[in-house]
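Okay, so here's the structure we're looking at.
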Amino acid sequence: MHDLSQGVYMSKQQILLCNYTMSKKVELLTVTKNRRINDEYVIIHAASQDKLPSIYPGQFVDIKVENGPNTFLRRPISIHEVNESKNEIILLIQEVGEGSRLIAKLSEGDSIDMIYPLGNSFTIPAKGSKALLVGGGVGVAPMLILGRILKDNGVEPFFLLGARNNKILMELDNYEKIAEVAVTTEDGSQGIKGFVTDHPLMNEDLNQMNIVYTCGPDPMMRAVAAKAKNKDIKCEVSLENLMACGIGACLCCVVDTKEGHKCTCTEGPVFDIKDLKEW
Amino acid sequence: MHDLSQGVYMSKQQILLCNYTMSKKVELLTVTKNRRINDEYVIIHAASQDKLPSIYPGQFVDIKVENGPNTFLRRPISIHEVNESKNEIILLIQEVGEGSRLIAKLSEGDSIDMIYPLGNSFTIPAKGSKALLVGGGVGVAPMLILGRILKDNGVEPFFLLGARNNKILMELDNYEKIAEVAVTTEDGSQGIKGFVTDHPLMNEDLNQMNIVYTCGPDPMMRAVAAKAKNKDIKCEVSLENLMACGIGACLCCVVDTKEGHKCTCTEGPVFDIKDLKEW
Amino acid sequence: MVNLAVDLNGLSLKNPVMTASGTFGFGEEYEDFINIDDLGGIVVKGTTLHHREGNPYPRMAETPSGMLNAVGLQNKGVDYFISDIYPRIKHYNTGIFVNVSGSAIEDYVATAEKINELDNIPGIELNISCPNVKEGGMAFGVHCPSAVAVTEAVRKVYKKHLMVKLSPNVTDVTEIAKAVEGAGADSLSLINTLLGMAINAEKRKPSLSTITGGLSGPCVKPVALRMVWQVYNAVKVPIVGMGGIMNANDAIEFMLAGARAIQIGTANFIDPQVTIKVIDGIKDYMHRHDINDVNDLVGGLITE
Amino acid sequence: MVNLAVDLNGLSLKNPVMTASGTFGFGEEYEDFINIDDLGGIVVKGTTLHHREGNPYPRMAETPSGMLNAVGLQNKGVDYFISDIYPRIKHYNTGIFVNVSGSAIEDYVATAEKINELDNIPGIELNISCPNVKEGGMAFGVHCPSAVAVTEAVRKVYKKHLMVKLSPNVTDVTEIAKAVEGAGADSLSLINTLLGMAINAEKRKPSLSTITGGLSGPCVKPVALRMVWQVYNAVKVPIVGMGGIMNANDAIEFMLAGARAIQIGTANFIDPQVTIKVIDGIKDYMHRHDINDVNDLVGGLITE
Ligand SMILES: Cc1cc2nc3c(=O)[nH]c(=O)nc-3n(C[C@H](O)[C@H](O)[C@H](O)COP(=O)(O)OP(=O)(O)OC[C@H]3O[C@@H](n4cnc5c(N)ncnc54)[C@H](O)[C@@H]3O)c2cc1C
Ligand SMILES: Cc1cc2nc3c(=O)[nH]c(=O)nc-3n(C[C@H](O)[C@H](O)[C@H](O)COP(=O)(O)OP(=O)(O)OC[C@H]3O[C@@H](n4cnc5c(N)ncnc54)[C@H](O)[C@@H]3O)c2cc1C
Ligand SMILES: Cc1cc2nc3c(=O)[nH]c(=O)nc-3n(C[C@H](O)[C@H](O)[C@H](O)COP(=O)(O)O)c2cc1C
Ligand SMILES: Cc1cc2nc3c(=O)[nH]c(=O)nc-3n(C[C@H](O)[C@H](O)[C@H](O)COP(=O)(O)O)c2cc1C
Ligand code: FES
Ligand code: FES
């Protein structure tokens, strides 16, 4: 359990500081489990030989895909959860191209080459706050660990998960163990029909929230951010910019902030929308 | 059974003619068996859905290795044997680099993408002739099918197989079913100690032979060719030039013959040493 | 029904997919795998005035996502082409181009003049960019005056479609492109191979007998696309794009960058049926994107 | 014990393995993975006189065996480097080079002058070859007169090791190399990135905000090796080779082709420990080949 909650928001500076002193490593982990949850998604458990370093919600790993003729660069993947007792990192993988398909094919006993843990973290509000966690598609990945850590730190989380249809919706058990889960599907096959922003949680009920976190497709995050901004509620987004190095060395992954270009891989992937330009 | 023997040597022209009219195809075959025979070699059976075309001894297939980041081009591999009733092509693979290692990893049910059958063929001498088949290392591959077809055509074959040591020597059963097998190993761990050219079959006994066939490392083939030439015995070598297309389109695989550059992939891989320059 | 036909400055191809010189033999080598008549065009082997043995073996090296070759224009000369090969291939119902190479302007001219007489050859591709022979080709293609001189000289004797093939081994490809256009080219094809080299570290030797050779395959695609885009923005004549095209997606990228037709080279070695798959894939893309005429793709890159 | 130390025209490096500018941050980014002091040298990010925000996102595209980048020299300017970064990295016990870029000769000169004052920076790498900014860099590096002008001007004010980084986007790299050598360069590094382009066919858009960008990674290795070999045969100053080096074997190929030291760029992204593995692999090769001094590899290609 991470005690991130000092009763106040951690400032970006504090978080960067803590990342700066946290050390990253490159390691061959061992796949201990690969479970397909539907046509598009698998959940992979990868165990480290060593004790896991501290991992903060919103952080990611960068995976070298073996034997891919067209996967020259590493693939960044959010940390979905960790199992500290087994030293396992748990990943939610959506198959979209060659790299993610090859990762999704890994089976028990296979090695998986990762650089981790990377990136900053979502901020944890004061105890007693209410937090809305909005995930769309594979963007739900960092929400699970975030929800757990919020709860551990005395914050009340609410999940709002969107999907195209119930066939590719996540299994909800793990989320339900932590908090209430609301669902929207574009075809109405489960939960409320429409986008996440059509849900009461993003409308009437939004006022109750002290903070909104979101990760998912860009248009979704922008729509969520617009609603939060409108109600003047703090909102953090997790961006999925293209990355080459993942460790702040190449400056490829920049996002336009009010203080100029910042690296999504080290100064993000989590940003407060008030710091972003054109959000 | 191929009736290649017209009682006389087939001329190069006849062979080219027969290849020219033979059609090649590109096909996904299915691996039906992969048996490791020692640290370096595996034998792979690959079945076609269709009836196999006529395949001549000395011909090869050209394999597209899947998922190899460094195996852009196809890999040429000799046809070791065919099982006509099962429509299987049998290959002997030596693991030397990424491509051959990936081929050696294929298991039952996997697909294997081949262009075949490629190249010309060893010539079959008159019935009653004696033929010496000298294979070194993976160069034994085409000797098995050649031995069988020679025997089927009334020629008496003798195998002479060389290896560095008995650990990487082939299993001899299949050869022994066809003819007498003599062995040399460089460390003397089996058969006569030394190179194939140190064996009596390449010395005193060579005079009995009407033809010598050889395939293996370049220095070995040159040494064999020199001995045969010295005794004025017809000698055919199977060359392993680097290939890009395998079908006569790129002109990368040329060998210097007395009539100029010829393509190893279509006008070879089998050449009579008397046609080659500097042999 | 979508329209796949493209017009190269008056010469019509049934579709934009051609094969690249030196990688497709004379077409015959691929008859077992595809129907040659399905192609938009084929460019046959580099042909010179006289017989050439080409460079010594080894002529090939595999490289990351590509290959080097140093074939060096091995061919039996234009007369042999006319007497022995042309009769065998002239029935192909596709645009047959002869890739004309040479080491002196007079050679180019003499070769082009002979090919001009062949009824079923609607065009030549003037190879002023072969990096694999000392005297031949590339030296012409990397400087404007020589590129202009050879193009003008051939233009005088060659009456049909004159495509000029540009070298990527230059500081500014648009300069050469504009000069060659001015000298009378009907179309421009690019890119020829990039000059490269490979070494066998264990043997401490070059992998090619000629030390350097021509690089092709997907590794060169980014450079090729960039040059097609630059040339498209600099000239009016149609462009035939190539360099690392492996699938329909790649072909479409070249067309969006400005190519009216494309050529497939090295990919034929990997998959001898790739050309047909590319044609089918272009059709599929057009259906998905509601495009009825393949010409609408040409230069269709959205750059705001 | 084998000798790994190399001498770059008077400047000694403990081994020939350096990191390439723009791919290794300021070294600090890799401290978690390797001991920076184990390296022969590091070349820090491209530094300009004034702060630069660089190009808009997207700045990166993956390509076959490589990548395109269009970072566009994002950096906080030389004064920030001196006040904020230099104090943090000056303790590294490795050859620290600053990669100096600019859009006008005066900018290069002013930047170099400032860096000349830093005790623990033994050299600069003059970047006259960055393809990613309109005004900056590459324009200087592709023509002899401008390459000479900027080198001479910097040479006047810069008293330590002056390495000049060459562009591969030229017709004849030896011409520029000789000109720059004549203008006072102490060493030459090559290659910078090849100008390339990538397109997203589905979106019909360029993959980079700048349309074109710089190609790096194994795909460029054959071109880089060829240029190192050509330049090695044309100049006397030491050469620092780079372009697609992924492992010790690649590094040795560059040394055999004539590089006295090498730089590793894009490979750091794939494996942040690659530099150390390359150093170990070179030692291993030397043992296997009975070579006691790494300098014996330089230009050791056997070409008969
Ligand atoms: C911080 C971060 C966290 C992420 N977390 C997850 C996760 O938890 N689970 C998951 O399945 N995916 C996640 N992604 C996205 C994942 O990295 C890409 O889907 C993956 O790299 C695609 O690789 P591919 O080879 O399968 O697809 P490709 O064939 O390379 O591309 C398919 C699509 O993915 C996009 N893409 C390719 N490379 C990247 C990249 N480096 N970054 C972002 N998008 C890319 C392409 O633009 C294309 O639209 C994350 C991305 C980032 C930046
Ligand atoms: C006609 C012919 C028949 C062959 N028959 C067999 C066979 O029956 N069994 C077998 O195991 N091998 C055979 N080979 C050799 C086989 O093609 C190579 O070993 C294989 O291509 C190496 O690929 P790789 O990726 O494993 O090794 P790489 O890592 O590519 O190279 C390892 C070594 O193999 C050599 N090599 C690489 N590519 C080729 C190529 N296309 N042709 C020849 N040598 C190459 C390289 O020079 C290097 O020394 C044959 C080659 C030819 C030309
Ligand atoms: C083996 C080989 C031989 C070639 N021969 C020629 C030639 O004779 N004339 C020519 O203009 N181009 C020749 N080329 C270049 C190709 O036509 C083409 O320009 C280049 O390979 C880039 O396309 P690709 O990447 O699709 O192969 C040859 C290429 C290869 C690989
Ligand atoms: C993301 C990125 C940024 C780069 N920035 C610079 C730079 O600022 N200055 C420079 O001289 N070269 C720069 N380069 C070029 C590299 O230093 C090197 O010349 C090139 O990448 C080839 O080497 P490689 O294939 O090992 O990466 C950059 C390359 C990359 C990939
Ligand atoms: S991915 Fe390299 S700096 Fe972020
Ligand atoms: S490999 Fe292409 S002609 Fe033989």
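A note on names: the letters A, B, ... follow the listed sequences, proteins ahead of strands, and every chain is numbered from 1. Just so it is clear, the structure is predicted and the values come from calculations on it, not from any experiment.
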Next item on the list: Output the option from C/Pro222, C/Ser209, C/Pro218 having the highest count of non-hydrogen pairs under 4.5 Å with chain D.
Entry: C/Pro222

Note to self: If we define contacts as heavy-atom pairs under 4.5 Å, which of C/Val170, C/Val223, C/Ile252 has the most with chain D?
What the structure shows: C/Val170

Check: How about C/Met197 and D/Val228: do any of their side-chain heavy atoms sit closer than 4.5 Å?
Finding: no

Next item on the list: Sort D/Ala224 into side chain, backbone, both or neither according to what part of it lies under 4.5 angstrom from a heavy atom of chain C.
Entry: neither

Checklist line | Between D/Glu304, D/Arg288, D/Met255, D/Met246, the one whose heavy-atom pairs under 4.5 Å with chain C are most numerous | finding: D/Arg288

Check: Checking heavy atoms, do the side chain of C/Ala61, its backbone, both or neither come under 4.5 Å from chain D?
Finding: neither

Check: Looking at C/Ile302 and D/Pro206, what are the two nearest heavy atoms and their distance?
Finding: O-CD, 3.2 Å

Checklist line | Interchain contact, D/Tyr285 with chain C, by part (heavy-atom threshold 4.5 Å) | finding: side chain

Note to self: Counting heavy-atom pairs closer than 4.5 Å to chain C, which one of D/Arg204, D/Met227, D/Glu253 comes out on top?
What the structure shows: D/Arg204

Item checked: Contact origin within D/Leu225 toward chain C - heavy atom pairs under 4.5 Å -> both

Notebook entry, point to check: Quick one: of C/Pro64, C/Gly66, C/Ala257, who has the most non-hydrogen atom pairs under 4.5 Å with chain D?
Noted result: C/Pro64

Notebook entry, point to check: So which of D/Leu297, D/Leu256, D/Asn200 has the largest heavy-atom pair count under 4.5 angstrom toward chain C?
Noted result: D/Leu256

Check: Can you tell if the side chain of C/Leu215 reaches within under 4.5 Å of the side chain of D/Arg226, non-hydrogen atoms only?
Finding: no

Checklist line | Interatomic distance, D/Thr212 atom OG1 to C/Trp229 atom CH2 [nearest 0.5 angstrom] | finding: 10.0 Å

Note to self: If you compare all heavy atoms of C/Thr303 against all heavy atoms of D/Ile211, which two are closest, and at what distance to 0.1 Å?
What the structure shows: CG2-CD1, 3.6 Å

Checklist line | C/Leu301 versus chain D, the contacting section by heavy-atom distance below 4.5 Å | finding: both

Check: Is there a side-chain contact between D/Leu195 and C/Gln230, using heavy atoms and a 4.5 Å cut-off?
Finding: yes

Check: Side chains of D/Glu202 and C/His289: does their closest heavy-atom pair fall under 4.5 Å?
Finding: yes

